[in-house]
There are 2 protein chains.
Amino acid sequence: MAEKDTRAQIVAAARKRFVHFGYGKTCMAEIAGDCGMSPGNLYRFFPGKLDIAEAIATADYENHLDHLRRQAARPGRRAGEKLHDFLFEGLRRTYNRQERDPRALELARVIAAERPAFSSWMMESERAIMVGVMEEAERSGEFDIADKDFTAELIQSATVKFRDPQLWSRLSLSRLERELDGVWKLLVEGLAPKPARARNQETA
Amino acid sequence: MAEKDTRAQIVAAARKRFVHFGYGKTCMAEIAGDCGMSPGNLYRFFPGKLDIAEAIATADYENHLDHLRRQAARPGRRAGEKLHDFLFEGLRRTYNRQERDPRALELARVIAAERPAFSSWMMESERAIMVGVMEEAERSGEFDIADKDFTAELIQSATVKFRDPQLWSRLSLSRLERELDGVWKLLVEGLAPKPARARNQETA
DNA sequence: TTTCTGAATAATCAACCGATCATTTAGTCT
DNA sequence: AGACTAAATGATCGGTTGATTATTCAGAAA
């Protein structure tokens, strides 16, 4: 049980350093020092520096996933709206995080580059939530999607631009929100016009 | 008139070097040497090295644009299909180009980084073509889109992943094609089911 | 024996320096 | 004068070296 505590202590010390100085600028000796132990001892708890970073990212992301799952489970909301919430939560989270602390970007970059499996896990976890929403929508008749997991992948492909916004564009949050709203509408309704039908006017 | 010829000669010499050795590995002196002139003389025809690269890229891209415009003007094809052609042409062009000559990627990267206006011009030119298709579709009743230019932007946003595919993913062409086909269907038809209606089964 | 330390090792990083190259310009040639 | 050259300039690049740091491990402390 002390094992778990020690790991938590290491992660906490590392998180503090990573946010304050960045991943590259904090060395194992400093983390160890903050925990009152020797550098070598860290390796009894983590295989390496990157694994400490991954532990931090995993914890943070699981937090986000919980939030998304709770949102997706909220009753009395249409699937289309849930998808909207889902996409916007993702955009706002990464945008604000990176706005508040530019070093978070460095961490994300390093993990994405060195641990492709981590990114896959994130994408997959999000797809699982979307599939759940689609299944519910199928029962209610709102959507009728044959291959739900593939469709979830397509939605991810179509919203790449909003996943790591400031990684590759310098658009403002409000501009990104306007665009994401438009893309969401397109995905739900399509370009082709539909005959009048019971479809509520969803607004952002 | 000799002025135009000299410019063309310089562009031709530079193109040869850029594809063979890459932008970074060819120097102005070499281009000048190939043209039988001194390095300094190049500056009477182009403001700088990057402008030669831009001239090459512009010529190539205008070629592509012509192709796209011809395709968009082809009669007897539905707007949805034209959009499909349009998106696939873009994907295949960049994919094949970069497959055939990895140095093309370097050139594209440099120009995109140093000449943001060039990228804007490309995006804008493509939107103009899409807007044309949408206008035609409006007349035929296939689509009915209020803000056509914004919608064209949205389509671009939703297909970012397929614009510079190997810039950020290592997916195979066939995988990318399958995804783009799915995204296209989603954009045209939407997630929400439609009552039966005269809509042909468009196939890639 | 188990837990931990701290020195040893090897990989990576950063500052430096000479070389290369884009760009300018003084001057040559026609 | 107008067209061009080639030397001059300053910025950038690539390679080297010393220092920092991740990781290992032989052994000390418990």
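Order of the sequence lines fixes the chain letters, A, B, ..., with proteins taken first and strands second; residue numbering starts at 1 for each chain.
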Please table the atom pairs, donor to acceptor, closer than 3.5 Å between any side-chain atom in residues 120-132 of chain A and protein atoms at least two apart or in another chain.
{"unit_1": "S120(A)", "atom_1": "OG", "unit_2": "P116(A)", "atom_2": "O", "d": "3.1"}
{"unit_1": "W121(A)", "atom_1": "NE1", "unit_2": "S125(A)", "atom_2": "OG", "d": "3.4"}
{"unit_1": "S125(A)", "atom_1": "OG", "unit_2": "W121(A)", "atom_2": "O", "d": "2.7"}
{"unit_1": "E126(A)", "atom_1": "OE2", "unit_2": "Y61(A)", "atom_2": "OH", "d": "2.5"}
{"unit_1": "R127(A)", "atom_1": "NH1", "unit_2": "Q156(A)", "atom_2": "OE1", "d": "2.9"}

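T159(A) places no side-chain N or O within donor-acceptor distance of the main-chain N or O of F162(A), the cut-off being under 3.5 Å. Here the side chain of D181(A) pairs no donor or acceptor atom with the backbone of E177(A) at under 3.5 angstrom.
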5' to 3', nucleotides 5-14 of chain C under a 4.0 Å protein heavy-atom cut-off (B base, S sugar-phosphate only, - none) gives BB-------S
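Rounding to whole angstrom units, CD of residue E114(B) and C1' of dA11(D) are separated by 14 Å. Whole-Å rounding puts the Y43(B) OH to dT24(C) C1' distance at 9 Å. One atom, CD1 of I52(A), and another, C1' of dA22(D), lie 11 Å apart when rounded to the nearest Å. Summarising the geometry, the separation between CG on L50(B) and P on dA11(D) is reported as 18 Å, rounded to the nearest angstrom. Atom CZ of F18(B) is separated from atom C1' of dA22(C) by 12 Å (rounded to the nearest Å). In this structure, the CG atom of D51(A) is 13 Å from the P atom of dA22(D), given to the nearest Å.
Heavy atoms of G24(A) sit nowhere under 4.0 angstrom from any nucleic acid atom.
Between the CG atom of L171(A) and the CZ atom of R178(A) there is a distance of 9.0 Å, given to the nearest 0.5 Å.
Checked against dT21(D), dT23(C), dT23(D), the side chain of K49(A) finds its nearest nucleotide in dT23(D). The side chain of M28(B) lies closest to dA22(C) when the candidates are dA22(C), dT24(D), dT21(D).
Annotation: side chain of D34(B) is not in contact with side chain of I10(B) (no heavy-atom distance under 4.5 Å).
K148(B) has no carboxylate O lying under 4.0 Å from a charged side-chain N of E135(B), or vice versa, which leaves the two without a salt bridge.
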